Amino acid sequence: MDTSDAMFYCFLFFLWIISSILVRSFVNNRWSNRTDTVRHPPSPPALPIIGHLHLLISSNVPNSFQTLARRYGPLIQLRLGTSLTFTLVSSFTVAKDILKTHDSDFPTRATVFTSGYNIYKGSTFINAPYGTYWRYLKKLCMNELLSSSQINRSIHIREEEILKLLESLMKNSKKGEFCDLSMVLTAMTNNVICRMAMSTRCSENDDEAKEIKKIVRDVFELGRMLGVNKMMGPLGKFDIFGYEKKLGLAMGQFDRLVERIMKEHEEKEKRGCEGEGRDLMDIMLESYKDTNAEVKLTRNDVKAFFLEIFLAGTDTSSVAMQWAMAELINHPQAFKKLREEIDSIVGSNRLVKESDVPNLPYLRATVKETLRLHTPGPILFRECTNDCSINGYDFKKSKSLLVINSYAIMRDPNAWTDPDEFIPERFLVNSNSTENLGQHHMEIKGQDFRHLPFGGGRRGCPGASLASTVMQATIGALVQCFDWKVKGGEKVDLKSGSGLLATAMAHPLLCYPITHFNPF
Ligand code: HEM
């Protein structure tokens, strides 16, 4: 955490104490009058007034939660301030109970940790309560927008974007310059999602994808800050730092840009142009215009959906790829093994392709292992919609919030051998292999609740296939085409960022690419 972050959190902490004292007298009754016989999970010692809030202010929140679970157990109750209580889940067996057995009792994402601010009021997919609207959009995602046939149809987009990435890295290599892999990977995933969503790169304005990236980044950051504000109690609502105003401006910019792109698509449809093929906007507009659709989508619903797809789909894949490269650079044996696998399947005349991936088990294992150790979505939020009991504890409709720490589950020593080590071999499922995989070997069949990078149950990530496809093809190409030398050292510093959901690397990944195979 740098000094300005520390000062900012100190200030928020101070603000919280004052606002909590102000409201304490009003909420005291709530605690003292509790006469229910509900069986709550155990709770670690809490500080007066703030409860366990100080744990959220500490550096890496999923990591602090993990330390708590190791001390107090896999199911504990935590309190933030005087009014927000939630249960923290840190074991895969309990996670399985929730995401599988009790999936229908927890079908809604808890939104108390989000800013709640949205110019598209009522139009949200990611935070929609379980119901007709959410079901309709989820079905649309799974059957059309992010289906395997739509992913296959857009293969040329990913191939072209990977080639563009390699081209720019070849230039760095030729000049002996270093590159910022964090930046170029973010630009690439952004282009892939923008082109798949709205064919923006191919429109007349080449800067649209960049513009969307900047706006979405602003919306994400400001939304995060507002979310923290919201947890600060009544004083947080005054928007002292002006985040709400800035968020409104950023969303307004997004709205104007997407409105224009929507109109362009509508015009294109009228003219009967096929353009780059059917993108996600075309599919959404078809639903929007369908008078017989189960849900009548509004223009705002369409825009809000795209904003959330950009928020959910760009940085996640890019951050995961940065970690994959960092781990591979720090583990030369794994890098060599991956390169050898690619060379043996692909040969030395062409670039690795998406269609090679089924024959590249070590590449798939590398991506899985990266997502296990460095998941971009370390915490899953759920709200109880039916009274139920889990592990002998009671959960109440509309009152019980769950926070599943998938970061801790994926590093649980009861589920994984050497849980903090990068060992792709643990995901190799090859019974004919003569290689001794030893105790790291594990078999993942179907949905395994030890491995939760994409969450699980009905609220699980609909972009999992797309994200895995992008990651496998990109990492494969980066390993096939270049050797990598870290700028200013032998090894990459694997420190991660701080905060509730901050899962990015603490420092940009600066490396010299050295050409090994030139596909051009
Ligand atoms: C490495 C990349 C990605 C990771 C690690 C990731 C992870 C996650 C996680 C952990 C969740 C919450 C699941 C739960 O609560 O059980 C989620 C939800 C979601 N993700 Fe992803 N995601 C990635 C990429 C994508 C992409 C590429 C898209 C779309 C283009 C996407 C769209 C969504 C959406 C729409 C939801 C909300 C689903 C719902 O509420 O039903 N994600 N993702």
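Counting convention: from 1, in listed order, for ligands and their atoms alike. All values derive from a computational prediction rather than experimental measurement.
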Peer 1: Give the atom numbers and elements of ligand 1 that come within less than 4.0 Å of a heavy atom of Lys138.
Peer 2: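 Near Lys138, the atoms of ligand 1 are 38 (C), 39 (C), 41 (O).
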Peer 1: What are the two closest heavy atoms between Ala312 and Ile126, and how far apart are they?
Peer 2: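 Nearest pair, atom of Ala312 first, then Ile126: CB-CD1, 3.9 Å.
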Peer 1: Take atom NZ of Lys397 as the centre, draw a 6.0 Å sphere, and report whether it contains more than 12 heavy atoms from other residues, nucleotides or ligands.
Peer 2: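 At most 12 heavy atoms, drawn from other residues, nucleotides or ligands, come within 6.0 Å of this atom.
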Peer 1: Do side-chain atoms of Glu369 reach the backbone of Arg426 as a donor and acceptor pair under 3.5 angstrom?
Peer 2: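 Answer holds: no.
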Peer 1: Is a salt bridge present between Glu161 and Arg158, judged by a nitrogen-to-oxygen distance below 4.0 Å?
Peer 2: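 Arg158 and Glu161: not salt-bridged.
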Peer 1: Mind telling me whether Tyr130 and Trp134 have parallel, tilted or perpendicular rings, with 30° and 60° as the class edges?
Peer 2: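 Ring orientation of Trp134 relative to Tyr130: tilted.
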Peer 1: Could you tell me which atoms of ligand 1, counted from 1 in the order shown, lie closer than 4.0 angstrom to a heavy atom of Pro376?
Peer 2: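 Every atom of ligand 1 under 4.0 Å from some heavy atom of Pro376: 5 (C).
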Peer 1: Please identify which atoms of ligand 1 are closer than 4.0 Å to at least one heavy atom of Trp134.
Peer 2: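 What qualifies from ligand 1 is 39 (C), 40 (O), 41 (O).
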Peer 1: Can you see which heavy atom on Ile379 is nearest to which on Ser406, and at what distance?
Peer 2: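 What the structure gives for the nearest pair is N-OG, 4.0 Å.
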Peer 1: Yes or no on side chain to side chain contact (heavy atoms under 4.5 Å, CB included) for Phe86 and His52, after CA distance, side-chain angles and deciding distance?
Peer 2: CA-CA 11 Å; Phe86 64 91; His52 303 95; over 6 Å; no
Peer 1: Centre-to-centre under 6.0 Å for Phe427 and His451, is that the case here?
Peer 2: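 Yes - the distance between ring centres of Phe427 and His451 falls below the 6.0 Å cut-off.
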Peer 1: I want to verify a count. Protein N, O or S atoms less than 2.8 Å away from atom 21 (Fe) of ligand 1, how many are there?
Peer 2: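 N, O or S atoms of the protein closer than 2.8 Å: 1.
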Peer 1: Is the shortest heavy-atom distance from the side chain of Tyr72 to the side chain of Leu78 under 4.5 Å?
Peer 2: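 No, too far: nothing below the 4.5 Å cut-off.
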Peer 1: I need the atoms of ligand 1 closer than 4.0 Å to a non-hydrogen atom of Gly456, numbered in the order shown.
Peer 2: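 Those of ligand 1 that fall under 4.0 Å from Gly456 are 16 (O).
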Peer 1: Could you list which atoms of ligand 1 come closer than 4.0 Å to a heavy atom of Ile309?
Peer 2: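 The atoms of ligand 1 under 4.0 Å from a heavy atom of Ile309 are 29 (C), 30 (C).
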Peer 1: When you measure from the side chain of Thr474 to the backbone N and O of Val470, does any donor-acceptor pair fall under 3.5 Å?
Peer 2: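 Side chain of Thr474 to backbone of Val470, a donor-acceptor pair under 3.5 Å: yes, one is there.
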Peer 1: With atoms numbered from 1 as shown, which atoms in ligand 1 lie under 4.0 angstrom from a non-hydrogen atom of Gly460?
Peer 2: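 Listed by number with element, the hits are 13 (C), 16 (O), 38 (C).
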Peer 1: Suppose we measure from atom 35 (C) of ligand 1 to each protein heavy atom; which comes out shortest, and what is that distance?
Peer 2: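 Nearest neighbour among protein heavy atoms for atom 35 (C) of ligand 1, to 0.1 Å: Phe125 CE2, 3.5 Å.
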Peer 1: Of all the atoms in ligand 1, which lie at a distance below 4.0 Å from a heavy atom belonging to Pro453?
Peer 2: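 Selected atoms, number and element: 5 (C), 7 (C), 10 (C).
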Peer 1: Yes or no: does Leu380 have any heavy atom under 4.0 Å from an atom of ligand 1?
Peer 2: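 The answer is yes: ligand 1 sits under 4.0 Å from a heavy atom of Leu380.
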Peer 1: For Arg109 and ligand 1, answer yes if some heavy atom of the residue is under 4.0 Å from a ligand atom, otherwise no.
Peer 2: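 True for this residue.
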Peer 1: Considering only protein heavy atoms, which is closest to atom 13 (C) of ligand 1, and at what distance to one decimal place?
Peer 2: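 Answer, as residue, atom name and distance: Arg459 O, 3.3 Å.
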Peer 1: Kindly identify the option in His374, Met321, Arg382 whose heavy atom sits closest to atom 15 (O) of ligand 1.
Peer 2: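 Ranked by closest heavy atom to atom 15 (O) of ligand 1, first place is Arg382.
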Peer 1: Which word best sums up how the rings of His374 and Trp323 line up, parallel for under 30°, tilted for 30 to 60°, or perpendicular for over 60°?
Peer 2: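 The arrangement is parallel - the two ring planes meet at less than 30°.
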Peer 1: Does NZ or CZ of Lys138 lie under 6.0 Å from the centre of the six-membered ring of Tyr133, at an angle within 45° of the ring axis?
Peer 2: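 No, Lys138 and Tyr133 do not form such a contact.
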